[in-house]
J.: 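Sharing a structure with you now.
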Protein chains: 2
Amino acid sequence: MENEIYDPSKFERPSVTVDVIIFTIKDNSLKILLIKRGKWPFKGYWALPGGFVTINEPIEMAAKRELEEETGVKNIYLEQLYTFGDPDRDPRTRVITISYFALINSKNINLKASTDASDAQWFHAHRLPKLAFDHKKILEYALQRLRWKLEYTTVGFKFLPQKFTLGNLQRVYEIIFNKTFDKRNFRKKILSLNIVKTTKEIASHVPHRPSRLYTLRKSIGEIIKIL
Amino acid sequence: MENEIYDPSKFERPSVTVDVIIFTIKDNSLKILLIKRGKWPFKGYWALPGGFVTINEPIEMAAKRELEEETGVKNIYLEQLYTFGDPDRDPRTRVITISYFALINSKNINLKASTDASDAQWFHAHRLPKLAFDHKKILEYALQRLRWKLEYTTVGFKFLPQKFTLGNLQRVYEIIFNKTFDKRNFRKKILSLNIVKTTKEIASHVPHRPSRLYTLRKSIGEIIKIL
DNA sequence: TGAATAGTGTCTTTCAGACAATATGCC
DNA sequence: GGCATATTGTCTGAAAGACACTATTCA
């Protein structure tokens with residue numbers, strides 16, 4: 001590139017797509033949104049939502065577009081994951097895909113807004129059907145990254161509403177790490193990190209003692225050891 | 001992508017390149033290899049080594065190719081960093097670039113093997129000239145990642161020869177974090193992590209008391225808190 | 001009053017960090 | 001013997017982890 005006169009027609013170009021791994025927590029488990037393919041290749045298989053990056057569109061905007069089409073929601077946490085580009089990952093042509101992952105509070109989702117329910121479905125993150133393309137590999141990478149991010153940043157709070165209880169938060173961590181934490185130690189740690197602010201509100205209409213509500217204080221990007 | 005009949009000619013495709021940030025440690029500082037551009041755009045500016053991903057080539061292979069062309073060395077540690085694709089980052093056409101970073105022991109480098117020395121030069125990582133394209137942004141991202149990787153993995157050992165002293169290792173960390181560590185605490189930590197193996201060899205022909213040599217025990221990818 | 005979760009404190013162990021004196025090979 | 005780096009241990013403070021009982025709301 002550096003030492004040649006540039007002539008775009010000289011090079012056959014790959015296609016570029018984005019694929020989005022949309023995580024949420026629902027029914028006490030980590031869920032991933034998949035779309036059933038209606039066409040060749042991998043017709044009938046489940047796949048990550050994705051699509052082409054158009055010629056004048058920032059990559060992240062393409063990912064956002066897919067995300068909004070499938071969930072009906074804007075302003076979702078979105079982060080670039082990794083770029084996969086094995087020459088034979090798509091039987092149609094050379095396709096390089098830039099993967100993103102998104103975290104969303106399931107209360108906010110409005111699936112029907114855009115997609116026929118039979119085509120889009122939430123799957124338990126650890127009980128997935130056969131996936132199209134190399135999407136299994138992409139998902140495994142995303143799961144690794146998700147665990148790391150929960151351990152070292154506050155992105156895990158994206159699974160929660162703006163006001164949440166420490167019990168809610170602990171459940172998020174327990175689901176994703178698939179183990180239990182001691183309630184006293186968990187609270188001690190979260191409170192000592194100074195990442196949450198107590199509100200004056202108390203949850204109500206729960207069939208047990210209600211809990212105080214908290215909000216997140218820290219900014220989301222920051223690296224801060226949580227666990 | 002999922003719901004349309006595929007017709008490659010329907011979409012105007014971006015060009016896809018790789019750019020490689022090659023780090024080494026030389027003369028007690030962290031260095032980055034840059035190439036002087038001889039053509040428009042950014043003629044005369046310094047830029048990261050990079051080039052097009054050809055149509056049947058795995059992305060990482062393109063990065064390896066650039067790396068070997070510039071350093072004359074194979075089997076260098078190489079890791080995908082991030083994909084940059086702002087529509088106007090290259091004035092010629094839409095170019096999406098997948099960046100990689102490489103760590104290499106400076107003893108292994110053979111710059112002259114491939115490139116005219118006036119075109120390729122090592123720069124102090126914190127005293128860079130004006131860079132072409134968005135390469136400054138890419139480099140800043142790479143520096144962040146490098147620091148993180150040294151803190152949480154054993155990639156830092158890639159700056160060292162296979163057999164090294166604990167003093168060598170400490171110097172790598174001191175250069176990249178730009179601070180000094182207590183020698184006793186540093187050794188205590190490295191040895192307690194069980195990531196190095198002592199050899200029976202002793203460095204020799206140094207103008208002071210020679211040190212025992214160590215080799216790395218752990219695999220490189222693994223996440224393990226070092227500092 | 002029973003069900004279900006909220007809320008709270010202490011002890012022990014482990015790890016991080018501060019700190020300085022002696023040893024050795026080479027010239 | 002002088003130079004330059006190697007090698008080694010203790011103490012202190014902070015944080016992690018184990019552990020169990022009482023409180024509160026609602027049905």
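Every chain is numbered from 1, with letters handed out A, B, ... down the list of sequences.
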J.: Over how many whole Å does the gap from B:Lys189 atom NZ to C:dT14 atom P extend?
T.: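 Rounding to the nearest Å, NZ of B:Lys189 and P of C:dT14 are 17 Å apart.
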J.: At 10 degrees resolution, what angle do the end axes of the helix from C:dT1-D:dA27 to C:dC27-D:dG1 form when each is taken over five base pairs?
T.: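 Roughly 10° between the end axes, to the nearest 10°.
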J.: B:Leu191 CG to D:dA6 C1': how many Å, rounded?
T.: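 The distance from CG of B:Leu191 to C1' of D:dA6 comes to 13 Å, rounded to the nearest Å.
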J.: List in chain and number order the residues that pass ring pair (Phe, Tyr, Trp, His ring centres under 6.0 Å) with A:Tyr82, two or more places apart in sequence or in another chain; answer none if no residue qualifies.
T.: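 If we apply the ring pair (Phe, Tyr, Trp, His ring centres under 6.0 Å) test to A:Tyr82, skipping adjacent residues, the hits are A:Phe84, A:Tyr141.
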J.: Can you tell me how far C1' of D:dA16 sits from CG of A:Leu227, to the nearest Å?
T.: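 So the CG-C1' distance, A:Leu227 to D:dA16, works out to 12 Å.
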J.: With B:Tyr45, which residues qualify under ring pair (Phe, Tyr, Trp, His ring centres under 6.0 Å), at least two apart?
T.: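 Here the qualifying residues are B:Phe42.
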J.: Take atom CZ of B:Arg187 and atom C1' of C:dG17, then tell me their distance rounded to the nearest Å.
T.: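 From B:Arg187 CZ to C:dG17 C1': 17 Å.
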J.: Scan residues 151-186 of chain B against DNA chain C and write down, sorted by residue number, each residue with any heavy atom closer than 4.0 Å; if none is found, say none.
T.: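 Within this stretch, B:Asp182, B:Arg184, B:Asn185 sit under 4.0 Å of the strand.
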J.: With B:Leu67, which of B:Val18, B:Val20, B:Val73 fulfils side-chain contact (heavy atoms from CB on, under 4.5 Å)?
T.: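 Per the side-chain contact (heavy atoms from CB on, under 4.5 Å) rule, the option paired with B:Leu67 is B:Val20, out of B:Val18, B:Val20, B:Val73.
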J.: Near DNA chain C, counting only heavy atoms under 4.0 Å, which residues of residues 208-215 of chain B show up?
T.: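 B:His208, B:Arg209, B:Pro210 - these, ordered by number, are the residues of the stretch whose heavy atoms sit under 4.0 Å from the strand.
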J.: If we count only N and O atoms by modelled type, under 3.5 Å, do the side chains of B:Thr83 and A:Thr83 hold a donor and an acceptor together?
T.: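 Yes, because at least one side-chain N or O of B:Thr83 sits under 3.5 Å from a partner of the opposite role on A:Thr83.
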J.: Rounded off to whole Å, could you give me the NZ-to-C1' distance for the B:Lys225 and D:dA15 pair?
T.: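 Rounded to whole Å, this separation is 13 Å.
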J.: Decide if the gap between the ring center of B:Trp46 and the ring center of B:Trp122 is smaller than 6.0 angstrom.
T.: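 Ring centroids of B:Trp46 and B:Trp122 are no less than 6.0 Å from each other.
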J.: How would you list all residue pairs meeting ring pair (Phe, Tyr, Trp, His ring centres under 6.0 Å) that involve residues 200-227 of chain B, not counting sequence neighbours?
T.: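 Listed once each, the pairs would be none.
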J.: Find the distance B:Lys188:NZ to D:dT7:C1' and express it as a whole number of Å.
T.: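 Taking atom C1' of D:dT7 as the reference, NZ of B:Lys188 is at 14 Å.
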J.: State, without any angle test, whether B:Thr97 and B:Asp19 hold a side-chain donor-acceptor pair at a distance under 3.5 Å.
T.: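 B:Asp19 and B:Thr97 do have a side-chain donor-acceptor pair below 3.5 Å.
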J.: Rounded to whole Å, please give me the gap between NE2 in A:His205 and P in D:dT24.
T.: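 Going from A:His205 (NE2) to D:dT24 (P), I get 19 Å.
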J.: Could you point out which residue of B:Asn194, B:Thr154, B:Val196 forms a side-chain contact (heavy atoms from CB on, under 4.5 Å) with B:Arg217?
T.: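 Only match with B:Arg217 under side-chain contact (heavy atoms from CB on, under 4.5 Å): B:Asn194.
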J.: What's the CD1-C1' distance between A:Ile202 and C:dG7, to the nearest Å?
T.: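 Distance check: A:Ile202 CD1 to C:dG7 C1' gives 11 Å.
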J.: Look at the rings of B:Phe177 and B:Phe181 and say which category their plane angle falls in: under 30° parallel, 30 to 60° tilted, over 60° perpendicular.
T.: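 Ring orientation, 0 to 90° scale: perpendicular.
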J.: Nearest 0.5 angstrom please: B:Gln170 CD to B:Leu166 CG, how far?
T.: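 These two atoms lie 8.5 Å from each other.
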J.: Hey, what do you get for CD1 (A:Ile176) to CZ (A:Arg147), rounding to the nearest 0.5 Å?
T.: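 Reported value, rounded in 0.5 Å steps: 9.0 Å.
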